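Below, chains carry the letters A, B, ... as their sequence lines are ordered, and counting in each starts from 1. All values derive from a computational prediction rather than experimental measurement.
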Number of protein chains: 2
Amino acid sequence: MRPTVHDIAAEAGVSLATVDRVLNARPGVRRKTVDKVQAAVERLGYVRDVSAANLAKKRTYPLVFILPEGPNSFMRGLEAEIRAAMQRSPVERTAIRIETVPPFDPAAIVGVLDSLDPAEVNGVALVATDTPDVSAAVDRLVDRGVHVATLVSDLPGSQRIHFCGIDNLAAGRTAGGLIGRFCNGRAGKVLVVAGSMKLSDHMDRASGFAAVLRSEFPDLEIVGPVETNDDADTVRQAVTAALDAETEIIAIYSLGAGTRGLIEALPDREQRKLAVVAHEVTEHSRQALAEGLFDAVINQDCGHEVRSAIRVLKARADGLMPISAQERIRIDIFLKDNLP
Amino acid sequence: MRPTVHDIAAEAGVSLATVDRVLNARPGVRRKTVDKVQAAVERLGYVRDVSAANLAKKRTYPLVFILPEGPNSFMRGLEAEIRAAMQRSPVERTAIRIETVPPFDPAAIVGVLDSLDPAEVNGVALVATDTPDVSAAVDRLVDRGVHVATLVSDLPGSQRIHFCGIDNLAAGRTAGGLIGRFCNGRAGKVLVVAGSMKLSDHMDRASGFAAVLRSEFPDLEIVGPVETNDDADTVRQAVTAALDAETEIIAIYSLGAGTRGLIEALPDREQRKLAVVAHEVTEHSRQALAEGLFDAVINQDCGHEVRSAIRVLKARADGLMPISAQERIRIDIFLKDNLP
DNA sequence: AGATTTCTGATTTACGTACCTCAAGAATTG
DNA sequence: CAATTCTTGAGGTACGTAAATCAGAAATCT
């Protein structure tokens with residue numbers, strides 16, 4: 001039978017109330033007594049029964065998610081996952097609110113961050129543009145006692161407690177490794193299409209990609225990155241223009257969104273053998289994979305990211321440090337052959 | 001505030017005791033009353049508070065894991081994950097026992113299965129050889145009222161309730177897609193190294209691999225599969241012999257274990273440009289990837305598999321059906337660039 | 001109708017933790 | 001030394017569900 005607080009009390013030779021004070025870090029216990037209790041906890045291997053604890057303190061965690069509005073499939077998928085988490089609210093004792101802001105609009109994010117009331121909000125997860133004003137607004141919010149985690153795209157200079165997303169440098173390297181191997185010895189140019197260099201995830205992917213090409217595949221030369229603001233039409237025009245202008249392009253790495261535009265711009269498979277790697281499994285990219293138009297798609301599981309963000313924010317609200325090893329989000333690689 | 005059993009009782013116009021009888025499927029309630037209560041549950045959107053329920057019924061789930069002994073790194077990793085789950089036993093209310101058997105020994109598995117007492121064991125997860133005797137022993141155990149799940153390698157003909165593992169056909173296809181693209185137009189032979197065709201996971205991988213090569217990369221011809229019983233020394237000898245005999249081999253797909261042997265048999269990267277894809281991230285394969293000796297490693301997260309097995313067996317012990325969509329184990333692809 | 005069986009209500013206890021109050025003991029201060 | 005503050009003990013209630021008992025009501029059968 002696993003030990004209870006009663007067993008700890010008996011073992012330590014103190015009362016139940018004292019054990020409770022120690023376990024919940026309440027004041028009014030002498031240092032020596034605290035040690036006695038903690039020793040007893042160690043000896044008996046006591047672990048708090050989370051079920052019972054949750055039952056007793058019927059605490060709820062008010063959280064806010066901030067993400068860009070607009071047609072971006074990935075962001076809409078992210079929103080769907082947040083809504084799924086809201087469905088689980090009664091079980092997880094969360095109260096989640098979603099705030100959407102215009103994409104690529106630092107000022108809008110700052111506005112939302114500054115409007116949050118620490119009395120009503122326990123934690124915030126946001127998809128941020130990596131700009132100084134957003135960073136400052138995050139720091140202000142943290143100073144006001146709200147825990148902040150970044151989602152999908154990081155804010156490295158800020159006081160956010162955690163980044164819930166993939167290692168985008170590694171993602172870029174992976175794309176480089178794949179494209180390099182898919183081109184397999186052929187020399188030529190690789191078109192890199194990005195959304196915005198204001199986003200740290202796009203920046204990181206571009207860097208990682210360039211690093212691998214430079215060191216491992218020196219015969220491949222990068223064209224770009226072309227910035228498209230993740231807009232499908234812009235992507236289509238940019239890719240079409242680049243393919244027309246540069247006949248030596250043998251591969252494309254699309255590290256942002258607007259995948260539909262990329263697909264529309266791609267020439268027939270037979271005409272021109274391009275190695276294509278894109279990001280995020282969506283309806284469009286899935287079909288492009290299946291049809292052989294894309295060779296690989298790098299994906300981040302936004303369900304994992306949302307769940308991780310909630311865990312981390314809840315843990316911090318309880319004064320615990322998140323176990324970062326457990327919260328690592330993996331980079332998924334999909335070929336047509338392993339599409340779920 | 002979310003509704004409680006008391007609210008249900010009031011809403012349905014019955015007593016708490018009756019609500020309890022209905023919710024826990026206890027006998028002694030008229031059909032009409034059951035409907036009334038269920039209607040009230042629907043109306044109020046009642047969901048059982050798992051914390052409170054777990055607290056009240058202090059049930060434990062005795063489970064048994066059966067897996068092969070021996071030096072196989074993957075199996076030892078699996079065992080480590082099971083032991084990690086045992087650490088969580090107090091929280092998850094499980095009582096897990098591990099039984100190891102000699103590898104590739106159906107009779108030993110049968111022996112263990114037949115020795116289990118339904119009174120003491122609630123569920124079994126096993127890494128099975130796909131042979132008729134094991135299948136029959138599983139069916140006997142199921143008939144005696146013990147829930148059985150297969151782990152890593154399936155037993156398709158049996159009455160196991162669930163397979164906790166990856167889609168190995170898709171894994172084989174993925175390997176085919178990767179190797180096909182890595183060879184990129186070159187014609188030649190591909191050596192396939194397997195552990196044992198008694199294992200359904202190895203069978204499936206080989207089939208999926210062959211299917212993709214046949215349909216998408218007809219210039220690549222399969223040599224093998226060579227059976228090695230997952231023994232490193234046998235793998236080394238087999239690969240060395242094959243490479244000596246067939247000078248046209250340009251790629252290797254190792255779909256089983258004994259990865260150390262494969263690494264030892266591989267010629268210097270410079271000498272002979274081989275595309276190599278293997279399975280499972282272990283200490284050896286990780287290093288081979290990092291050194292550029294392997295091009296890709298396909299992995300299954302055995303931590304996920306163990307946790308999934310426990311969830312499934314617990315759910316079945318409570319008479320619930322597992323949500324199969326949630327229990328799908330993903331196929332991980334690792335390059336040197338995205339190694340965790 | 002009465003006897004019997006089948007349902008239902010009312011009530012209680014337990015699970016392990018959180019959190020509260022009140023009183024009394026111990027330690028510290030002036 | 002007394003006055004004060006700090007620690008501790010004892011005891012209680014609450015959380016929502018499970019599981020049990022027992023008496024009484026309702027339905028079914030003879």
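In the set dT8(D), dG9(C), dA14(D), the nucleotide with an atom closest to the side chain of Val29(A) is dT8(D). Checking dA10(D), dT17(D), dC19(C) against the side-chain heavy atoms of Ala17(A) singles out dA10(D) as nearest. Checking dA14(C), dG16(C), dG9(C) against every side-chain atom of Leu55(A), the shortest atom distance belongs to dG16(C). When the nucleotides dT17(C), dA10(D), dG9(C) are ranked by their closest atom to the side chain of Ser15(B), dG9(C) comes out on top. Closest to the side chain of Val5(A), out of dA19(D), dC19(C), dT17(C), is dT17(C). Comparing dT8(D), dA27(D), dC19(C) by their closest approach to the side chain of Arg30(B) singles out dA27(D). Here the side chain of Ala53(B) is nearest to one of dG16(C), dT17(D), dG9(C), namely dT17(D).
Here the P atom of nucleotide dT17(C) and the CG atom of Asp49(B) are 16 Å apart, to the nearest Å. Atom CD1 of Ile8(B) and atom C1' of dG9(C) are 17 Å apart (whole Å). Residue Arg59(B) contributes atom CZ, which lies 13 Å from atom C1' of dA18(D) at whole-angstrom precision. Atom-to-atom, CG of Asp35(A) to P of dT8(D) comes out at 11 Å; the value is rounded to the nearest Å. Whole-Å rounding puts the Leu23(A) CG to dC20(C) P distance at 16 Å. Atom OH of Tyr46(B) is separated from atom C1' of dA18(D) by 10 Å (rounded to the nearest Å). Rounded to an integer number of Å, the gap from Arg26(B) CZ to dA18(D) C1' is 6 Å. With rounding to whole Å, Lys57(A) atom NZ is found 15 Å from dG16(D) atom P.
Within 4.0 Å (heavy atoms only), Asn24(A) reaches sugar-phosphate atoms of the nucleic acid but no base atom. Within 4.0 Å of Arg21(B), counting heavy atoms only, lies at least one base atom of the nucleic acid. Counting any heavy atom pair closer than 4.0 Å across all strands shown, Asp20(B) reaches a base atom.
If Arg48(A) and Lys32(B) are placed on DNA chain C by their nearest nucleotide, the residue sitting closer to the 5' end is Lys32(B).
Taking 4.0 Å as the cut-off between side-chain N and carboxylate O, Asp332(A) and Arg330(B) count as a salt-bridged pair. For Glu99(B) and Arg97(B), the salt-bridge test passes: some basic side-chain N is under 4.0 Å from an acidic carboxylate O.
Under the 6.0 Å distance and 45° angle rule, Arg59(B) counts as a cation-pi partner of Tyr61(B). Seen from the ring of Tyr46(B), Arg48(B) does not count as a face-on cation partner, given the 6.0 Å and 45° thresholds.
Between Ile96(B) and Met86(B), the closest heavy-atom pair is O-CE, 3.2 Å.
The shortest distance between the side-chain N/O atoms of Lys58(B) and the OP1/OP2 oxygens of dG16(C) is below 4.0 Å.
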